[in-house]
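Here's the structure we're looking at; comments come further down.
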Amino acid sequence: MVKDLFERIQENKGPLGKWASQAEGYYVFPKLEGELGPRMQFHGKNILNWSLNDYLGLANHPEVRKADTDAAIQFGAAYPMGARMMSGHTTYHEQLENELAEFVMKESAYLLNFGYQGMVSIIDALVTKNDIIVYDVDSHACIIDGVRLHMGKRFTYKHNDLESMEKNLQRATKMAEETGGGILFITEGVFGMRGQQGKLKEIAELKKKYNFRLLVDDAHGFGTLGKTGAGAGEEQGVQDQIDVYFSTFAKSMANIGAFVAADKSVIDYLKYNLRSQMFAKALPMIQTIGSLKRLELLRQSSAIKDKLWENVNALQNGLKEKGFNIGDTNTCITPVYLEGSIPEAMVMVNDLRENYGIFLSIVVYPVIPKGIILLRMIPTASHTLADIEETLTAFEAIREKLTNGTYKEIAERTTVDVS
């Protein structure tokens, strides 16, 4: 008997979907309204926002807004029509690619419509069934989904663990010798949940012992790390050892789109083999010209990045001084680890938003171990030191309520489905 395809969907809504009835519109799919920035509106209240990836505060920069507006007036939202390969190629796309390649110190670059889609397609294009992939177990979902497309063998190594990296490179080398393939090693420049940099310098050293190519997803490092802002590779002094460099515009560039950079021969290959780009409409002119302006601002002055790091250091040092556990982050991403259940976490977030006017992302099991609550904050160049002081005061208050059982008592009085 053939089952109704939708029967499973109706019975099992998935690990996140099962929370929809009580979480949607507040804990997930929340509506933040008003001008993008540290102060926005949520459910009719003014809140202090720590959940925007607008690291450099470019989303509302007057020159950026003008560039976006001028591009929209001149070209509209549709231009260019068609895929780059067919009818959607422009001088502006080429200019942005050339400037991005120079900025991240690579020979060539290619624009992508979206970061997630682009990474999936890059992995798919770079390997055949004879090749082996080695990647970090904590990789972003776009990497995991790209690896899932791979018809050959893949190995995961323990997060940022050098011994595990080498063990899996040995396994991959042995298998590649049997298949006649190569090895693609994938890591992130910055891991977006806990804020650690990938161990790019140590991985580069492994290239002296093992024959592999290195792909780095530097979504959170681009614009925030390195002397010029070229990312985690520049920060660690090994940008030249990254064979394929990838980043999105969705973080520091406050825009839509992404790019991949490498030697010209690699980019020339990807241009003709990235299915997600070959069969998709070109990046619209608004995003293309807008990104040129954002990159110009990023290159011209370090003041924006300096302000970002002033805020990062003030927030992270303040948390540590008050005894909060922020893990081993060495980037802008600021996690705060507390002990508590999912129901307690939901009560805590409600308290933060309703009574302290603070909005941030909360992460619980299964993303992190049971009994741990991760409050994830993204400081930006647009925040102020007063914002940070306000947040530190609120955090001391919610910690007290968590440890003295206030949140547990409230949670027990509230019907919460944790099955």
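By convention here, the first residue in the shown sequence is residue 1.
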- Message: When you compare the side chains of T393 and E390, does any donor N or O come within less than 3.5 Å of an acceptor on the partner?
- Response: no

- Do the ring centers of F191 and H220 come within less than 6.0 Å of each other? no

- Query: Which residues pass the salt bridge (Lys or Arg N to Asp or Glu O under 4.0 Å) test with E63, sequence neighbours left out?
  - Reply: K293

- Contacts of type ring-ring contact (aromatic ring centres under 6.0 Å, His included), residue F359, not counting sequence neighbours: F42

- Item | All side chain to side chain contact (heavy atoms under 4.5 Å, CB included) counterparts of I362, not counting sequence neighbours | A345, V349, V364, I373, L375

- Name all pairs fulfilling the salt bridge (charged side-chain N to carboxylate O under 4.0 Å, His left out) condition that reach into residues 161-188, sequence neighbours left out, sorted by first residue then second. E166-K209

- Task: For F324, enumerate each residue passing the ring-ring contact (aromatic ring centres under 6.0 Å, His included) test, keeping only those at least two apart in sequence or located in another chain.
- Result: F395

- Mind checking ring-ring contact (aromatic ring centres under 6.0 Å, His included) for F185 and listing every partner two or more places apart, or none if nothing turns up? Y157, F212

- Query: Are side-chain N/O atoms of R65 and N60 paired as donor and acceptor at under 3.5 Å?
  - Reply: yes

- Message: Tell me whether F103 at atom CZ has more than 12 heavy atoms from other residues, nucleotides or ligands lying less than 6.0 Å away.
- Response: yes

- Message: Please enumerate all residues that pass ring-ring contact (aromatic ring centres under 6.0 Å, His included) together with H89, with sequence neighbours excluded.
- Response: none

- Heavy-atom distance under 4.5 Å between the side chains of L126 and V244, does that happen here? yes

- Message: Side chains of Q196 and V190, heavy atoms from C-beta outward: is any pair under 4.5 Å?
- Response: no

- Query: Who pairs with A172 by side chain to side chain contact (heavy atoms under 4.5 Å, CB included), at least two apart in sequence or on another chain?
  - Reply: I132, V134, F155, I183

- For S252 and T224, the nearest pair of non-hydrogen atoms, with its separation, is OG-CG2, 3.4 Å

- Message: My understanding is that only one of D351, I47, T391 makes a side chain to side chain contact (heavy atoms under 4.5 Å, CB included) with I358; could you say which?
- Response: T391

- Message: Can you confirm whether the side chains of N311 and H383 place a donor and an acceptor under 3.5 Å from each other?
- Response: no

Would you list the atom pairs, donor with acceptor, under 3.5 Å between side chains in residues 273-282 and any protein atom, with sequence neighbours excluded?
from: N273; atom 1: ND2; to: Y269; atom 2: O; distance (Å): 2.7
from: S276; atom 1: OG; to: S121; atom 2: OG; distance (Å): 3.1
from: Q277; atom 1: OE1; to: N113; atom 2: N; distance (Å): 3.4
from: Q277; atom 1: NE2; to: N113; atom 2: OD1; distance (Å): 3.4
from: K281; atom 1: NZ; to: A78; atom 2: O; distance (Å): 2.7
from: K281; atom 1: NZ; to: P80; atom 2: O; distance (Å): 2.9

- I242 side chain reached by K106 side chain, heavy atoms, under 4.5 Å: yes

- Task: Could you note down all residue pairs passing salt bridge (charged side-chain N to carboxylate O under 4.0 Å, His left out) where residues 243-270 supplies at least one of them, sequence neighbours left out?
- Result: K207-D243, R213-D243, K264-D268

Report, one line per pair, each donor and acceptor closer than 3.5 Å where one atom sits in a side chain of residues 3-13; sequence neighbours left out.
from: D4; atom 1: OD1; to: F6; atom 2: N; distance (Å): 3.0
from: N12; atom 1: OD1; to: G14; atom 2: N; distance (Å): 3.0

- salt bridge (charged side-chain N to carboxylate O under 4.0 Å, His left out): pairs with one or both residues in residues 222-235, sequence neighbours excluded: none

- Worked check of side-chain contact (heavy atoms from CB on, under 4.5 Å) between H150 and T128: CA-CA 7 Å; H150 180 43; T128 71; over 6 Å; no

- Message: A side-chain contact here means heavy atoms from C-beta on lying under 4.5 Å apart; do L100 and F222 qualify?
- Response: yes

- Message: Among L58, D54, L52, N49, which residue satisfies the side chain to side chain contact (heavy atoms under 4.5 Å, CB included) criterion with L36?
- Response: L52

